[in-house]
Student: 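Have a look at the structure that comes next, please.
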2 protein chains.
Amino acid sequence: MATGRTHRPATRSRGIPEATVARLPLYLRALTALSERSVPTVSSEELAAAAGVNSAKLRKDFSYLGSYGTRGVGYDVEYLVYQISRELGLTQDWPVVIVGIGNLGAALANYGGFASRGFRVAALIDADPAMAGKPVAGIPVQHSDDLEKIIEDNGVSIGVIATPAGAAQPVCDRLVAAGVTSILNFAPTVLSVPDGVDVRKVDLSIELQILAFHEQRKAGEESAAGDGAHPAAAARKEAADQGPDGDIPAVMPA
Amino acid sequence: MATGRTHRPATRSRGIPEATVARLPLYLRALTALSERSVPTVSSEELAAAAGVNSAKLRKDFSYLGSYGTRGVGYDVEYLVYQISRELGLTQDWPVVIVGIGNLGAALANYGGFASRGFRVAALIDADPAMAGKPVAGIPVQHSDDLEKIIEDNGVSIGVIATPAGAAQPVCDRLVAAGVTSILNFAPTVLSVPDGVDVRKVDLSIELQILAFHEQRKAGEESAAGDGAHPAAAARKEAADQGPDGDIPAVMPA
DNA sequence: CCATCTTTGTGCACGCGTTCACAAAGACAT
DNA sequence: ATGTCTTTGTGAACGCGTGCACAAAGATGG
């Protein structure tokens, strides 16, 4: 799954921890902003602050990529942008298909963050014949009958599923059969895929539920004796519960 | 500094690990599906398979909530649904505001997964005067001038930010000042908030970048290792099994 | 060339989360 | 009751990720 090689000696330098990989896009974003302001170099301290992480963590992360910094000076912004981009595979073109052009699919198609980072929306696919031909974000929607052909013709290896839950697994199966080996799933379902296929999921309601958990705990902080306390007006105490920083994508493999 | 977990002297099961909290919604979803099929009980093995996790992990997770299972039988579905819902705080009503009604904001407003789990979209807010009054998902969009009043009138403690990156921090500041203590951020920015406020983020392009990393490495390994076997020939395997593959953690405050 | 100052890179220890493996607990049959 | 069988609940080991703290590296100035 996320790390498909269980039986691989991991040629040393390739052994970048998952947690580090998950932070690289964060660093890249901060670095890109610096680059646009023509800042030549940054210290680990500054960059860490911009990315919202601990500076020691950032240095350790970069150490897995190599020694790209200069002691006493910091990191060369442009060089680091290139190195991280290359490591993430963003120097090449990644054609992506989005399946399920509802509200969310349309939002994704319009999302600028894709194109700006090497991802190209090669096609939009929907099962509704009424959608066919209709342009969304400047791209005509194609019918799902042609899914396999679209995947093949465009050499797509990454698919985004934004269909209703019920359609997700069948769509997933077809994508995989057609050659897709990485899937970003927005449908609230556990997808089952063959070995060697990566699945990451984003579940909007799960995120809210996690927030609700912490919110509830904040509200019921000091009520130990009386169970039927009033969480209404009270609760504003020192609800300090979480660190302000710390970062992990709200997503998990599979 | 952060880790205020020392707060509770291990009084009872209040010390639920973050990783466990992040999985509770997953279990809840699987249990809800079982409940709808009128399944009375499930074993940890079955439920784990449905939720895509390891059964030992599931049992340990549940052990933090209490001893809700019956040895030799399994867990009572309805009872567990209630217990998890209560633990997550879903038995109460959570009014939510969505700020930034673009494509994504509209998709979120239409997302059914919210209402079905105790979340109520109390208001939609946008800075564009042309949007004001226009109904999205049956709810009229309100102008951001009234943000503070809306938060207060509805007793909102959870806010969703779906604005462009540049507007995110100012909006966040206003939400927090108005009383919001939990924020779900879809804007590609690091939000800075005072202590006691939870922020979770969902960054769509980051997810794709992580997939690209693994995709790139898959491609590189094939050519380097001279992989003769056809990946497609491999036996179908559950993506989210316990296997040797490592699930990456994935939960954290932002 | 030497001293000083800044910042990186990392050894190390700690804590969290995962997994194994098994004893305890209950259901059920006899 | 007693025994067998199933499944939970958890003690313990392990591995990963995090953060501290410092030595090494290089820049800079005299």
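Hydrogens, waters and symmetry mates are skipped; everything else that's a heavy atom, side chains included, is used. Just so you know, these numbers come straight off a predicted model, no measurement behind them. All chains are named by letter (A, B, ...) in the order of the sequence lines, taking the proteins before the strands, and each is independently numbered beginning at 1.
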Student: Establish, with yes or no, whether the OP1 or OP2 oxygen of C/dG11 is under 4.0 angstrom from a side-chain nitrogen or oxygen of A/Arg59.
Tutor: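 So the side chain of A/Arg59 is outside the cut-off, no N or O lying under 4.0 Å from OP1 or OP2 of C/dG11.
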Student: Grab the CG-P distance between B/Leu24 and C/dG17 for me, whole Å please.
Tutor: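 Roughly 13 Å, once rounded to whole Å.
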Student: Is any side-chain N or O of A/Asn54 closer than 4.0 Å to OP1 or OP2 of D/dC20?
Tutor: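 Looking at the OP1 and OP2 atoms of D/dC20, one of them is under 4.0 Å from a side-chain N or O of A/Asn54.
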Student: Scan nucleotides 24-30 of chain C nucleotide by nucleotide, 5' to 3', and note B when protein non-hydrogen atoms come under 4.0 Å of the base, S if they reach only the sugar-phosphate, - if neither.
Tutor: BB-S---
Student: Distance check needed: C/dC16 C1' versus B/Glu18 CD, whole Å only.
Tutor: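 These atoms are roughly 11 Å apart.
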Student: When the distance from CZ of B/Arg23 to P of C/dC16 is rounded to whole Å, what number comes out?
Tutor: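 In whole Å, C/dC16 P and B/Arg23 CZ are 15 Å from each other.
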Student: Among residues at least two apart in sequence or on other chains, which ones pass salt bridge (charged side-chain N to carboxylate O under 4.0 Å, His left out) with B/Arg29?
Tutor: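 B/Arg29: salt bridge (charged side-chain N to carboxylate O under 4.0 Å, His left out) contacts with A/Asp203.
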Student: By side chain to side chain contact (heavy atoms under 4.5 Å, CB included), which residues pair with B/Ser35, not counting sequence neighbours?
Tutor: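 Testing B/Ser35 for side chain to side chain contact (heavy atoms under 4.5 Å, CB included), a comparison that skips the adjacent residues, returns B/Val77, B/Glu78.
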Student: State which residues pass side chain to side chain contact (heavy atoms under 4.5 Å, CB included) with A/Gln83; sequence neighbours excluded, sorted by chain then number.
Tutor: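 Partners of A/Gln83 by the side chain to side chain contact (heavy atoms under 4.5 Å, CB included) criterion, ordered by chain and then number, come out as A/Tyr68, A/Tyr79, A/Arg86.
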Student: By a strict heavy-atom criterion of less than 4.0 Å, which residues belonging to residues 34-43 of chain B are in contact with DNA chain C?
Tutor: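 Close to the strand, none.
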Student: Would you kindly give the OH-to-P distance between A/Tyr68 and D/dG26, to the nearest whole Å?
Tutor: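 Taking OH of A/Tyr68 and P of D/dG26, I get 16 Å after rounding.
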Student: Let me know the distance between NZ of B/Lys60 and P of C/dC20, rounded to the nearest Å.
Tutor: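 Answer to the nearest Å: 12 Å.
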Student: Output the rounded distance in Å from CZ (B/Phe62) to P (D/dT7).
Tutor: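 Rounded to whole Å, this separation is 16 Å.
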Student: Which distance, rounded to the nearest 0.5 Å, do you find between the CZ of A/Arg59 and the OH of A/Tyr75?
Tutor: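 Answer rounded to 0.5 Å: 7.0 Å.
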Student: May I ask you to evaluate whether B/Lys57 reaches the phosphate of C/dT19, defined as a side-chain N or O under 4.0 Å from OP1 or OP2?
Tutor: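 Yes, within the criterion.
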Student: Distance check needed: C/dT10 P versus A/Leu58 CG, whole Å only.
Tutor: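 After rounding, the gap between these two atoms is 14 Å.
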Student: Can you tell me how far P of D/dC16 sits from CG of A/Asp61, to the nearest Å?
Tutor: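 Roughly 16 Å, once rounded to whole Å.
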Student: Do any N or O atoms from the side chain of B/Gln169 and from the backbone of B/Ser192 form a donor-acceptor pair under 3.5 angstrom?
Tutor: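 Such a contact is found between B/Gln169 side chain and B/Ser192 backbone.
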Student: Taking side chain to side chain contact (heavy atoms under 4.5 Å, CB included) as the definition, give me every residue that meets it alongside B/Ala165, ordered by chain and number, with sequence neighbours left out.
Tutor: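 If we apply the side chain to side chain contact (heavy atoms under 4.5 Å, CB included) test to B/Ala165, skipping adjacent residues, the hits are B/Pro188, B/Thr189.
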Student: Does D/dT8 have OP1 or OP2 sitting under 4.0 Å from an N or O in the side chain of B/Ser44?
Tutor: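 Checking D/dT8 against B/Ser44, a side-chain N or O does come within under 4.0 Å of OP1 or OP2.
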Student: What distance separates B/Leu175 CG from B/Ser182 OG, expressed to the nearest 0.5 Å?
Tutor: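 One finds 11.5 Å between CG of B/Leu175 and OG of B/Ser182.
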Student: Quick one: is C/dG9 close enough that its OP1 or OP2 comes under 4.0 Å of any side-chain N or O from A/Tyr75?
Tutor: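 The answer is yes; a side-chain N or O of A/Tyr75 sits under 4.0 Å from OP1 or OP2.
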Student: Hey, what do you get for CG (B/Leu104) to OH (A/Tyr111), rounding to the nearest 0.5 Å?
Tutor: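 Taking CG in B/Leu104 and OH in A/Tyr111, the distance rounds to 9.0 Å.
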Student: Could you tell me if A/His214 and A/Arg217 have a donor-acceptor pair between their side chains, going purely by distance under 3.5 Å?
Tutor: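 No pair is found: no donor N or O on one side chain lies under 3.5 Å from an acceptor on the other.
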Student: If you check every side-chain atom of B/Ala56, which of C/dC20, D/dG17, D/dA21 has the closest atom?
Tutor: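 It is C/dC20.
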